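Below: the structure, in structure tokens.
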Amino acid sequence: NAGVMQNPRHLVRRRGQEARLRCSPMKGHSHVYWYRQLPEEGLKFMVYLQKENIIDESGMPKERFSAEFPKEGPSILRIQQVVRGDSAAYFCASSPGVRQETQYFGPGTRLLVL
Amino acid sequence: AQKITQTQPGMFVQEKEAVTLDCTYDTSDPSYGLFWYKQPSSGEMIFLIYQGSYDQQNATEGRYSLNFQKARKSANLVISASQLGDSAMYFCAMREAYSSNTGKLIFGQGTTLQVKP
């Protein structure tokens, strides 16, 4: 049973470009969370999605960031017009439910903005 | 106010000894869950152990146990018989059942553990 998959593992972008981060949850999991980890810090919640729905985006920056989890295919975190401050590790986690279920994390995508 | 506090930025332990990593939390929810994750130098986040606020007994998973003291709002991780492979960053996290019914995790700043041979 494959775990949570994220790609790419490493992504380099120049300022102003777009970054697309993909997350495939574990089989049977319909809940996806995105977290961001800045250097030397803990993870910070960004957004929570179920299939075709954004449930909680309270941790998402107001501009340039968007997320989706379509009916078919992986969840996508999209960052438009990246800036150096976007350099971080972005983790996706999935769970089969919401209240009592453990979240299992993917390996993360390390984004470096030059 | 910090919801999750890990006061030890770095810890050392001798191989084969036990070590306790501290975590205190702050919530007014009657129902919540506490988690510990391990992040080795390779960067992935590995789930270690979970404690529910209504669980009567402390959680254990192999060499990991959670010393849950509800009145003191602490959820310390105890690693017994440390191994070199335990060297990593350890994060305490909380999920509130009512303040946030979406299940999002709130993480502490982490503790770096180094196991000495």
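For clarity, every value in this text was computed on a predicted model and none was experimentally measured.
- In this structure, B:F35 and A:T102 have side chains that are in contact, with non-hydrogen atoms separated by less than 4.5 Å.
- Annotation: the span from B:R95 atom CZ to A:S95 atom OG amounts to 7.5 Å, rounded to 0.5 Å.
- By the criterion of side-chain heavy atoms lying less than 4.5 angstrom apart, applied directly or through intervening Ile, Leu, Val, Met, Phe, Trp or Tyr residues, A:M46 is not grouped with B:M45; the two fall into different hydrophobic clusters.
- Residues A:L43 and A:L21 do not share a hydrophobic cluster, clusters being chains of Ile/Leu/Val/Met/Phe/Trp/Tyr side chains in contact below 4.5 Å.
- Here OH of A:Y33 is found 10.5 Å from NZ of B:K104. Values are rounded to the nearest 0.5 Å.
- A:I55 and A:M60 fall into different hydrophobic clusters, where Ile, Leu, Val, Met, Phe, Trp and Tyr side chains are chained together by heavy-atom contacts under 4.5 Å.
- Cluster annotation: B:Y50 and B:Y64 are assigned to distinct hydrophobic clusters (Ile/Leu/Val/Met/Phe/Trp/Tyr, side-chain heavy-atom contacts under 4.5 Å, transitive).
- Rounding to the nearest 0.5 Å gives a distance of 7.0 Å between CD of A:Q37 and CE of B:M89.
- No chain of hydrophobic side-chain contacts below 4.5 Å, direct or via other Ile, Leu, Val, Met, Phe, Trp or Tyr residues, connects B:Y32 to B:F91.
- Heavy atoms from other residues, nucleotides or ligands lying under 6.0 Å from NZ of B:K16 number 12 at most.
- B:E44 approaches A:F91 most closely through the heavy-atom pair CA-CE2, 4.4 Å.
- The neighbour count for A:R15 CZ, taken as heavy atoms of other residues, nucleotides or ligands under 6.0 Å away, does not exceed 12.
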Problem - Stepwise ring pair (Phe, Tyr, Trp, His ring centres under 6.0 Å) test for A:F105 and B:F47 - result: CA-CA 8 Å; A:F105 282 77; B:F47 165 71; 9.7 Å; no

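- Neither the backbone nor the side chain of B:Q6 comes within contact range of chain A; no heavy atoms are under 4.5 Å apart.
- Residue A:M5 places its CE atom among 12 or fewer non-hydrogen atoms of other residues, nucleotides or ligands, all under 6.0 Å distant.
- Under a cut-off of 6.0 angstrom, the local environment of CD in A:Q81 is sparse, with at most 12 non-hydrogen atoms contributed by other residues, nucleotides or ligands.
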Exercise for the section: Could you walk me through whether B:I46 and A:Y104 pass the side-chain contact (heavy atoms from CB on, under 4.5 Å) test, one step at a time? Expected result: CA-CA 8 Å; B:I46 303 167; A:Y104 293 93; over 6 Å; no

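- Scanning residues 106-117 of chain B against chain A with a 4.5 Å non-hydrogen threshold yields B:F107, B:G108, B:Q109, sorted by number.
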